[in-house]
Amino acid sequence: MSDIVKDFNDYRQKMNEKLLADNNKIIKRIFNLDTNAYAAGALDVKTKELLGLVASAVLRCDDCVKYHLETSHTEGVTKEEVMEALGIATLVGGTIVVPHLRRAYEFWEALEESGN
């Protein structure tokens with residue numbers, strides 16, 4: 001697995017464990033709500049992840065973009081689908097999204113190289 005993917009996942013896991021170990025009811029509920037929101041429902045997981053990717057790119061949250069890219073990759077989303085979604089995000093968010101678009105593209109390439 002590419003270092004940027006591994007580094008992101010290792011850090012995310014370590015910090016999530018610390019946050020959840022604090023046993024804060026609000027944080028635990030938000031994490032649970034997030035997990036349940038992206039489960040299959042009227043929309044399939046793939047669609048929800050692409051929606052999350054677009055929203056995260058527009059909000060310029062690189063960690064969120066990476067998370068949605070990785071889950072999308074796991075769900076079998078194609079590069080063409082990701083690029084179309086990121087195109088919509090850039091249209092909606094404007095040129096301020098371009099630096100995040102670059103990092104998203106780099107992370108997607110790392111995911112493809114990892115073969116997972």
Side-chain angles (χ1 to χ4, degrees):
M1 186 179 320
S2 173
D3 284 345
I4 65 171
V5 175
K6 183 181 181 326
D7 291 348
F8 171 73
N9 285 323
D10 289 349
Y11 178 76
R12 184 175 177 275
Q13 181 179 347
K14 177 180 86 172
M15 294 312 298
N16 281 354
E17 287 171 2
K18 287 183 177 193
L19 286 165
L20 293 172
D22 253 2
N23 208 26
N24 180 293
K25 188 183 341 181
I26 295 168
I27 290 174
K28 283 187 171 191
R29 286 183 177 174
I30 289 171
F31 274 53
N32 184 268
L33 178 63
D34 184 71
T35 298
N36 288 324
Y38 287 95
L43 296 173
D44 62 12
V45 172
K46 182 177 162 179
T47 301
K48 287 183 175 187
E49 288 301 329
L50 289 171
L51 289 168
L53 175 62
V54 170
S56 297
V58 170
L59 293 170
R60 302 186 308 274
C61 177
D62 286 335
D63 279 7
C64 301
V65 167
K66 288 176 182 175
Y67 174 80
H68 290 294
L69 284 172
E70 187 163 15
T71 307
S72 293
H73 188 264
T74 302
E75 289 295 317
V77 174
T78 67
K79 181 178 183 178
E80 292 76 20
E81 291 169 322
V82 166
M83 291 310 299
E84 191 165 327
L86 289 171
I88 297 295
T90 306
L91 174 67
V92 171
T95 57
I96 198 166
V97 173
V98 171
H100 306 278
L101 177 63
R102 290 183 192 117
R103 287 188 287 275
Y105 194 91
E106 175 187 31
F107 197 78
W108 184 262
E109 285 186 327
L111 289 167
E112 287 183 321
E113 289 170 9
S114 72
N116 292 338

Requested in this report: Could you walk me through whether Ile27 and Asp22 pass the side-chain contact (heavy atoms from CB on, under 4.5 Å) test, one step at a time?
Outcome: CA-CA 9 Å; Ile27 290 174; Asp22 253 2; over 6 Å; no
Query raised in the report: Can you name the nearest heavy-atom pair linking Val97 to Ala89, along with the distance?
Result: CG2-O, 4.2 Å
**Report entry** Derivation of the side-chain contact (heavy atoms from CB on, under 4.5 Å) call for Met83 and Tyr105
**Finding:** CA-CA 8 Å; Met83 291 310 299; Tyr105 194 91; 3.6 Å; yes
Report task. Report yes if some heavy atom in the side chain of Asn16 is under 4.5 Å from a heavy atom in the side chain of Phe31; otherwise report no. Result -> yes
Report summary line: Heavy-atom nearest pair, Leu69 first then Trp108, reads O-CZ3, 3.5 Å
**Report entry** CA sep, side-chain torsions, deciding dist, call: Arg102, Glu106, side-chain contact (heavy atoms from CB on, under 4.5 Å)
**Finding:** CA-CA 6 Å; Arg102 290 183 192 117; Glu106 175 187 31; over 6 Å; no
Query raised in the report: Does some side-chain heavy atom of Lys14 sit less than 4.5 Å from a side-chain heavy atom of Lys18?
Result: yes
Report task. Let me see the working for Asn32 and Lys28 under side-chain contact (heavy atoms from CB on, under 4.5 Å), right down to the final yes or no. Result -> CA-CA 6 Å; Asn32 184 268; Lys28 283 187 171 191; over 6 Å; no
Requested in this report: Just jot down the ring-ring contact (aromatic ring centres under 6.0 Å, His included) partners of Phe8, sequence neighbours excluded, or say none.
Outcome: Phe107
Query - Ion pair check, Lys6 and Asp10, cut-off under 4.0 Å - result: yes
Report summary line: Output for pair (Ser114 OG, Asp3 CG), nearest 0.5 Å, gives 11.5 Å
**Report entry** More than 12 heavy atoms from other groups under 6.0 Å of CD on Glu109
**Finding:** yes
Taking only distance into account, with no hydrogens and no angle test, what donor-acceptor pairs under 3.5 Å do side-chain atoms of residues 40-58 form with protein atoms, sequence neighbours excluded?
{"from": "Asp44", "atom 1": "OD1", "to": "Thr47", "atom 2": "N", "distance (Å)": "2.8"}
{"from": "Asp44", "atom 1": "OD1", "to": "Thr47", "atom 2": "OG1", "distance (Å)": "2.5"}
{"from": "Lys46", "atom 1": "NZ", "to": "Glu81", "atom 2": "OE1", "distance (Å)": "3.3"}
{"from": "Lys46", "atom 1": "NZ", "to": "Glu81", "atom 2": "OE2", "distance (Å)": "2.9"}
{"from": "Lys48", "atom 1": "NZ", "to": "Ala37", "atom 2": "O", "distance (Å)": "3.0"}
{"from": "Lys48", "atom 1": "NZ", "to": "Ala39", "atom 2": "O", "distance (Å)": "2.6"}
{"from": "Glu49", "atom 1": "OE1", "to": "His68", "atom 2": "ND1", "distance (Å)": "2.6"}
{"from": "Ser56", "atom 1": "OG", "to": "Gly52", "atom 2": "O", "distance (Å)": "2.8"}

Query - Side-chain touch Glu70/Leu111, heavy atoms, less than 4.5 angstrom - result: yes
Requested in this report: Check whether any side-chain N or O of Asn9 sits under 3.5 Å from a backbone N or O of Val5 as a donor-acceptor pair, and report yes or no.
Outcome: yes
Query raised in the report: When rounded to the nearest 0.5 angstrom, what is the spacing between NZ in Lys79 and OG in Ser72?
Result: 15.0 Å
Query raised in the report: With sequence neighbours left out, which residue pairs that include part of residues 90-101 fulfil the side-chain hydrogen bond (donor to acceptor under 3.5 Å, both in side chains) condition?
Result: Asp62-His100, His100-Arg103
